[in-house]
2 protein chains.
Amino acid sequence: MQTFALFFYIFVDIFDLINRMTKKQATIQDIAKALNISISTVSRAMSDHPKIKKSTKDQIWDMAKKLNYQPNTIAASLRKGKANTVGMIVPRVNRHFFSNVITGVESVLNPAGYNLIICQSEESIEKEKININTLIASRVSGILISLSLETTKYDHIKRAIKMGIPVVLYDRVCDELDVCKVENDDFSGSYDLTRHLIEQGYRKMMWIGGSRKFNTYTNRYQGYRKALSEIGLEADNMPIFEGSISLETSYDYFKTFIENEQLPEVIFSASDYMAMGAILALQEKGLRIPDDIAISGYSNEPFAALINPKLTSVEQFSKEMGQETARLLLAQIQSGNPNNVSTKTMIRPRLIVRDSTQNKNPDPTPPTND
Amino acid sequence: MQTFALFFYIFVDIFDLINRMTKKQATIQDIAKALNISISTVSRAMSDHPKIKKSTKDQIWDMAKKLNYQPNTIAASLRKGKANTVGMIVPRVNRHFFSNVITGVESVLNPAGYNLIICQSEESIEKEKININTLIASRVSGILISLSLETTKYDHIKRAIKMGIPVVLYDRVCDELDVCKVENDDFSGSYDLTRHLIEQGYRKMMWIGGSRKFNTYTNRYQGYRKALSEIGLEADNMPIFEGSISLETSYDYFKTFIENEQLPEVIFSASDYMAMGAILALQEKGLRIPDDIAISGYSNEPFAALINPKLTSVEQFSKEMGQETARLLLAQIQSGNPNNVSTKTMIRPRLIVRDSTQNKNPDPTPPTND
DNA sequence: TTGTAAGCGTTATCAG
DNA sequence: CTGATAACGCTTACAA
């Protein structure tokens, strides 16, 4: 018994030694050889094939452990013609919104056995093209993409679609591609928010946001415009500031705006960051929010609930968007007939009313409508 | 001429047709066949091998374009025994700090021709093990990992190391693994911050932070302790609150703390979120910051500069950490002798002094030391 | 229940 | 400068 144990010990060690010396990883061949069985049996055992005897399976699994076997998905992918990998193109990962979409995507893709390759376009169409090529070259099972701000031609994406790779667009979509899309319902979010402002009694409004050549901001503007038009106000005749979506841009703008222009009752900011810039500029001039001027944001950035006053904003459910996007992709992959349908899913955002839009001295006139 | 053009047109179309019908992607074989040359020549041309005539290369590239050829990196990886992919394990992507590390990593890995597979451990050692297995199975060229909070055993990581996969630890490291590590110099960051508080004249301090069983918080505590001991104060004798690192925990704690305990002059919070929770609780009770009580944070979250008062904090240079981590990994990969060195890189953080620690009525006693 | 053998698309070695 | 050919590690008909 003693001897046997010793023998066994040496036996194990030899395998380990061989592993180390050759620096080569064990394959199913090694297992097959060691057990004097066929490699296909090993392959089947590794995927827990029902037609393999339990006892042989156990043998194989033991040996696998002994040899420190790690399956090689690359070989499997090559053989199967596709990888259990999906590619996700994101403008930037270090944005609250997008990193939450990623979390959502992973939460459905991982349990389904897929890995995520994340690529950043950094808002550049050139990078986006490179990303697409990389993903095609990696033979991913599908591609999730939110378009870069620069992207106005879609040949690179069409190429992927033509190759039979399922594609789902999320957040930043376009009409030209005939695939599944998951969007934020910016129109509704904006409309609801504007209704809230109206109900608070505000009438003299001002729009600030990113350039309306981007869908996001057009849609938000349209929602704002619609709500106003319903009570007989014309958004286009009220002040508008379009600029790059950053705290600084808006801060600088309001520094001078305050000096030269008459302030509205409320600022509708289509971006929390721009709202923040405005707030800093206004507060520096001694203006109280919302008493002297109210303001709302959009996106519900983490800081919105933390600043003073707490910022009214719109929650976008980024994680849910990721989940829905991933689910659609999985459906495409599993259908075996990718890109055969082109759906359009709207994620309905939710208005979060906070202190920054609480009218202390509401206009006596109620909304004329509804 | 007319005829030729027509012929050519049909010719192209046939290829396209075949591509579509078979849904099979063109390979170098197809190119070779179409051009009546050998597949090895095509392979060489695709990697721009110097010994291939310019004219044949051009032919090949043309045909590649015509056939809509996309290289198959899976096949290449299998043949070469490794993928041009590196794996990155991150506790959570939707954290400001980590998503910036990712950005940094990508900024050096992509130009070097590597792709990133990002996995989230979600602070679970089980997930971390699965992630490691996935990455090994994908035959990544290297692994970057920040340990989950649960991780106290490292067999899974050792396995990767033993298989010859270069591993670099970042942010959350451990002594037991003999690999390259990139850490935040929490001790120094905390020390510098405490010195600043001392210089502001604060003496009655309070420590709040995450559990000190985690390196991060021990180190920060030690820096704090050291600075205090230098002026003859004993940190251990001052109030301490350890809890989960969230706004809510700290908010709840201070709601009752204010009622029952005597407030310190300044709260040293080892987390911006906990600082924020405290601020909300204190301000709700009508306390003015920093006039009635000062407070500092750590990590320089985006909101730190936006709240009122602006929060003194410590900037961690997460992007730079990512870049350094990636550089170290690349060096390991290229050395061909992975995990042969084990370095320890400290990223020195920077103190950002803001309003929340401006002492309006400084203690007349200057620091006794330095 | 297990084995045989072909092949996935590359690259690398050797030979012209 | 180019070609033939053997892997790389796995899956999967088809056979037994």
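Naming: A, B, ... by sequence-line order, numbering from 1 per chain.
The closest donor-acceptor contact from the side chain of A:Lys57 to the backbone of A:His49 lies under 3.5 Å. A donor-acceptor pair under 3.5 Å is formed between the side chain of A:Asp30 and the backbone N or O of A:Thr27. Between the side chain of A:Ser138 and the backbone N or O of A:Thr134, at least one donor-acceptor pair lies under 3.5 Å. Without hydrogens or angle criteria, B:Glu128 side chain to B:Ser148 main chain gives a donor-acceptor distance under 3.5 Å.
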Which side-chain N or O atoms in residues 107-119 of chain A pair as donor and acceptor under 3.5 Å with protein atoms at least two apart or in another chain?
residue	atom	partner	partner atom	Å
A:Ser107	OG	A:Gly104	O	2.7
A:Ser107	OG	A:Gln323	NE2	3.2

Show which side-chain atoms of residues 139-146 of chain A pair as donor or acceptor with protein atoms under 3.5 Å away, not counting sequence neighbours.
residue	atom	partner	partner atom	Å
A:Arg139	NE	B:Gln25	OE1	2.7
A:Arg139	NH1	A:Ile136	O	2.8
A:Arg139	NH1	B:Pro71	O	3.1
A:Arg139	NH2	B:Gln25	OE1	3.2
A:Arg139	NH2	B:Gln70	O	2.9
A:Ser141	OG	A:Ala83	O	2.3
A:Ser146	OG	A:Tyr170	O	3.2
A:Ser146	OG	A:Arg172	N	3.4

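For B:Lys53, counting side-chain heavy atoms from C-beta on, the closest listed nucleotide (D:dA7, D:dG9, D:dC1) is D:dC1. Checking C:dG3, D:dG3, C:dG9 against the side-chain heavy atoms of B:Thr41 singles out D:dG3 as nearest. The side chain of B:Thr56 lies closest to D:dT2 when the candidates are C:dG9, D:dT2, C:dT11.
Nucleotide C:dT11 holds its C1' atom 8 Å from the NZ atom of B:Lys80, rounded to whole Å. What separates CG of B:Leu78 from C1' of D:dC8 is a distance of 4 Å, to the nearest Å. What separates CD of B:Gln70 from P of C:dC8 is a distance of 19 Å, to the nearest Å. Atom-to-atom, CD1 of B:Ile37 to P of D:dT5 comes out at 17 Å; the value is rounded to the nearest Å. In this structure, the CD1 atom of A:Ile39 is 12 Å from the C1' atom of C:dA6, given to the nearest Å. Rounded to whole angstrom, the span from the CD atom of B:Gln29 across to the P atom of C:dG7 amounts to 11 Å. Taking atom CD1 on B:Ile136 and atom C1' on D:dG9, their separation rounds to 17 Å, with Å as the unit. B:Ile31 has its CD1 atom 12 Å from the C1' atom of C:dT10, to the nearest Å.
Shown are B:Thr56, B:Ile60, B:Ile31; of these, the side chain to side chain contact (heavy atoms under 4.5 Å, CB included) with B:Ile37 is made only by B:Ile60.
Close to C:dG3, at under 4.0 Å from its OP1 or OP2, lies a side-chain N or O of A:Ser38. OP1 or OP2 of D:dG3 has not a single side-chain nitrogen or oxygen of B:Ser40 nearer than 4.0 Å.
Taking the nucleotide of DNA chain D with the nearest heavy atom to each of B:Asn36 and B:Arg139, the more 5' of the two is matched to B:Asn36.
Near DNA chain D, meaning a heavy atom under 4.0 Å away, the residues from residues 43-52 of chain B are B:Arg44, B:Lys51, B:Ile52.
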